[in-house]
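Working notes for the structure below.
Computation of the quantities below employed the complete heavy-atom set of this structure, encompassing side-chain atoms and omitting hydrogens, waters and symmetry-equivalent molecules. In the text below, chain A, chain B and the rest are named by the order of the sequence lines, each starting its count at 1.
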2 protein chains.
Amino acid sequence: MGVSLKDVAQRAGVSIKTVSNVVNNYQHVTPAMRTKVQQAIDELGYRPNLTARHLRKGRTGIIALAVPEFGNPYFAELAGAVIDAAARHDYTVLVDHTAGLREKELLVSQGFRSHVIDGLILSPIHLETEDLMARTETAPLVLLGEREYEAPYDHIAIDNVAAARAAVCHLVGQGNRRIAFLGSRTGRERQPAHLRLRGWREELAAAGITPDESLVVVTDGYGREDGAAGMAQLLDRADRPDAVFAYNDLIAIGAMRTITERGLRIPDDIAVVGFDDIEESRYTTTTLTTIAPDKEAIARLAVDSLVEQLAGTPVAEPRRPRPGYRLVVRESTTPGPDSGHTEDL
Amino acid sequence: MGVSLKDVAQRAGVSIKTVSNVVNNYQHVTPAMRTKVQQAIDELGYRPNLTARHLRKGRTGIIALAVPEFGNPYFAELAGAVIDAAARHDYTVLVDHTAGLREKELLVSQGFRSHVIDGLILSPIHLETEDLMARTETAPLVLLGEREYEAPYDHIAIDNVAAARAAVCHLVGQGNRRIAFLGSRTGRERQPAHLRLRGWREELAAAGITPDESLVVVTDGYGREDGAAGMAQLLDRADRPDAVFAYNDLIAIGAMRTITERGLRIPDDIAVVGFDDIEESRYTTTTLTTIAPDKEAIARLAVDSLVEQLAGTPVAEPRRPRPGYRLVVRESTTPGPDSGHTEDL
DNA sequence: CTGAAAGCGCTAACAT
DNA sequence: ATGTTAGCGCTTTCAG
């Protein structure tokens, strides 16, 4: 095995405690002692064994992040932000992906690496409130994403209804009337996409347009291919929409591909709005208008929540902070040169 | 603190060892004893403390993955593959990003969470052989990526020279002659992009074309914006190229954007080939021809290398396995309908 | 300001 | 087949 405190102590001719003091930068150590010990440390190439420290302290300095998949740039970009936010609190990040499988989400929420992670940030898709209520694992948990839960956990998410309304409002403002919603899930309340769908309904109604439920398209998943397939479905029908509000950017990008392949123009024939503002949406041939959630804020709030809970701050009520978002207007909704216009919301 | 083995033992009226046996599924335990202990475990809600186990065993079951940034889908997709490969060996993955900063790469290679990770998979950009030789950390390290090192560590990378040649060969086969290389770094040998650039030179020479070094464009980084800027530089000059081989897909995508903005057509005016086969390249308006490294193989080989080293398999020589890659031909190099053609290489 | 000893929760010898 | 005991390397009282 490696070099331990004991070895260093022996070498320096002092006690273990003294070495520990030096390693941990404790106050009351004479400079002479410090240099002596430091020398022994250097000579032996001592590295503190964090595992031992963790066992002793009951803390590891590791938090876990579990998202559906890193293939979705939104989650990849978010992961980067979480790593940075965690680093500012001297935390390291363990990652896992759930593939959006309830089983995997359950597993992760129940006890991912029991006792090795201090807390968990989870972005669930199929987990239910009951699952969360049945949770026995005691490590703090913070939820991310669009799903709503009646469970006693902090939940970080932008105001999805309002954001969706802003997107639809923009579309209506551009003169569109038949606005499809692409990327819904099946009928149950509380399903993913529920809030964005609600925003779609509310804003249409507010604009005096009766929401046409036949324009709500269910997709199998949340990827580009799902958006492409969903769009094809829409275009195969008689009365095509003049705009599409997609659940996320990947679906929007898939939809744009289908639209283009069919020889239709964006936004002239069909306008498109996405959700996430992944970097890719700034480089599609027709750049994509989208809702841009403040990923840094989301990451920061999530990590802060964990850090507070770990500091033992008693959390009376689960908190639901609302990070900001912007509507970023690009070519996919504005004929002519890109306005590059952004609305803070 | 939580429930420990001792608590369970007490509750079940047996010794600690017996509980440990049950928890670890040891052979010789009577069924009666097993159920009795299991009941106590359930009643108390016991979860083994992995930290303690790790301390005892000197292993944590955690490996680290450090890449430049997760904003590049190639690394995000690779991370997903690494997580899966690691899971098959019951390993969990700790992640960090280096932002391509030598300082950060150095820090990570030196001792990322000393003793809490069993091994490290690192994809360096600016690290030098000397840095690696000076490494004191004893945890196994596996290198990823295009850089070459004369250091005693396993290195997993496709044959970048051959892959680049395949890309350029394809371009030449399509009738292109003035083929630019987009995404080089400054002159030093061994710099990133060195191998792909060499492939470009070799293949051109083999095709009887004298490599025009003025067509080698240095970019600031590896993102879409760098590709866009580099392409603009190329097009601002008198004699424009008829094709571009980009260091990676992001640069290629940025280049395509500039080409389109200038009113030029792809591939008729300028053909484009990328490198990485990120999913996005299948959905750009003009889909992107690219080199597709076998990410699953890369991830698997990297994790396998670590696992072997951890199993104590004496590694005489550093190994350089060569995972496969394919040339995926798409619209950006083939006029008319997409051939969808793929060449395994 | 420094030393001695206890113990975090677990596993691995060794006993029985 | 089950029990006892000794650490893994560290931090933390408690003395000195």
Side-chain angles (χ1 to χ4, degrees), chain A residues 1-38 40-41 44-62 90 111 113-118 138-139, chain B residues 1-41 44-62 90 111 113-118 138-139 310:
Chain A
M1 291 296 301
V3 183
S4 78
L5 275 187
K6 199 164 77 177
D7 301 322
V8 178
Q10 212 151 29
R11 172 76 162 226
V14 299
S15 85
I16 289 182
K17 168 67 174 157
T18 304
V19 182
S20 173
N21 283 343
V22 171
V23 171
N24 292 291
N25 263 313
Y26 271 25
Q27 319 286 10
H28 313 290
V29 193
T30 53
M33 183 60 88
R34 168 153 285 154
T35 51
K36 187 168 79 176
V37 171
Q38 188 58 53
I41 289 177
L44 266 40
Y46 167 77
R47 324 280 317 261
N49 183 326
L50 297 185
T51 302
R53 185 179 293 174
H54 296 160
L55 173 57
R56 186 61 239 233
K57 297 192 130 173
R59 289 281 179 75
T60 63
I62 299 174
D90 291 316
R113 290 267 145 182
S114 161
H115 296 247
V116 351
I117 62 160
D118 288 345
T138 52
Chain B
M1 290 299 300
V3 184
S4 77
L5 274 187
K6 199 165 77 178
D7 300 322
V8 178
Q10 211 151 29
R11 171 76 162 226
V14 299
S15 85
I16 287 183
K17 168 64 174 161
T18 305
V19 182
S20 175
N21 282 344
V22 172
V23 170
N24 292 292
N25 265 314
Y26 271 25
Q27 319 285 12
H28 312 290
V29 193
T30 54
M33 184 56 95
R34 169 153 284 152
T35 51
K36 187 167 80 176
V37 172
Q38 189 58 53
Q39 190 180 348
I41 288 177
L44 264 41
Y46 166 78
R47 324 282 318 263
N49 184 327
L50 297 185
T51 302
R53 186 177 291 174
H54 296 161
L55 174 56
R56 184 60 238 234
K57 299 193 126 172
R59 288 283 179 75
T60 62
I62 299 175
D90 290 316
R113 290 265 147 184
S114 161
H115 296 251
V116 352
I117 62 159
D118 289 343
T138 52
L310 290 169

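- Nearest nucleotide to the side chain of B/Arg53, out of C/dA4, C/dG9, C/dT11: C/dT11.
- We find the CG-CZ distance between A/Leu5 and A/Arg53 to be 8.5 Å, quoted to the nearest 0.5 Å.
- The side chain of A/Ser20 lies closest to D/dT11, out of D/dG3, C/dG9, D/dT11.
- Annotation: of the two residues near DNA chain D, B/Asn21 and B/Ala52, the 5′-most nearest-nucleotide partner is B/Asn21.
- If you measure from atom CZ of B/Arg34 to atom P of D/dA1, you get 11 Å, rounded to the nearest angstrom.
- Close to D/dT11, at under 4.0 Å from its OP1 or OP2, lies a side-chain N or O of A/Asn24.
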Go through the steps to decide whether A/Leu55 and B/Asn49 satisfy the test side chain to side chain contact (heavy atoms under 4.5 Å, CB included), and finish with yes or no. CA-CA 9 Å; A/Leu55 173 57; B/Asn49 184 327; 4.3 Å; yes

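- In this entry the distance linking NE2 of B/His115 with C1' of D/dC8 reads 12 Å, nearest Å.
- Rounding to whole angstrom units, NZ of residue A/Lys17 and C1' of D/dT12 are separated by 7 Å.
- Between A/Arg34 and A/Asn25, some side-chain heavy-atom pair lies under the 4.5 Å cut-off.
- Rounded to whole Å, atom C1' of D/dC10 lies 7 Å from atom OH of A/Tyr46.
- For A/Met33 and A/Arg56, each mapped to the nucleotide of DNA chain C holding its nearest heavy atom, the one lying further toward the 5' end belongs to A/Met33.
- The heavy-atom pair separating B/Asn21 from B/Val29 by the smallest distance is CB-CG2, 4.0 Å.
- Phosphate proximity of D/dA1 to B/Thr18: absent, as no side-chain N or O sits under 4.0 Å from OP1 or OP2.
- With rounding to whole Å, A/Arg59 atom CZ is found 15 Å from D/dT11 atom C1'.
- Counting only heavy atoms from C-beta on, A/Asn49 has its side chain closest to D/dC10 among D/dC10, C/dG3, C/dG9.
- The side chain of B/Thr30 places no N or O atom within less than 4.0 Å of a non-bridging phosphate oxygen (OP1 or OP2) of D/dA1.
- Side-chain contact between B/Arg56 and A/Thr51: absent, with no pair of heavy atoms (C-beta onward) separated by less than 4.5 Å.
- Taking atom OH of A/Tyr26 as the reference point, atom P of C/dG3 lies 16 Å away to the nearest angstrom.
- Take B/Ser15 and apply the side chain to side chain donor-acceptor pair (under 3.5 Å) test, not counting sequence neighbours, and it matches B/Thr18.
- Residue B/Ile16 is in base contact, counting any heavy-atom pair closer than 4.0 Å across all strands shown.
- Atom CG in A/Leu50 sits roughly 9 Å away from atom P in D/dC10 (whole-Å rounding).
- Shown here for B/Ile62 and A/Val116, the closest heavy-atom pair between the two residues is CD1-CG2, 4.0 Å.
- With hydrogens and angles disregarded, no donor-acceptor distance shorter than 3.5 Å links the side chain of B/Asp118 to the backbone of B/Arg59.
- Comparing B/Leu5 and A/Val19, the nucleotide of DNA chain C nearest to each residue sits closer to the 5' end for A/Val19.
- The shortest distance between the side-chain N/O atoms of B/Ser15 and the OP1/OP2 oxygens of D/dT2 is not below 4.0 Å.
- Across the helix from C/dC1-D/dG16 to C/dT16-D/dA1, the helix axis at one end is tilted relative to the axis at the other end by 40° (nearest 10 degrees, each axis from five pairs).
- Candidate nucleotides D/dT11, D/dC10, C/dC10 were compared by shortest atom distance to the side chain of A/Lys57, and D/dT11 ranks first.
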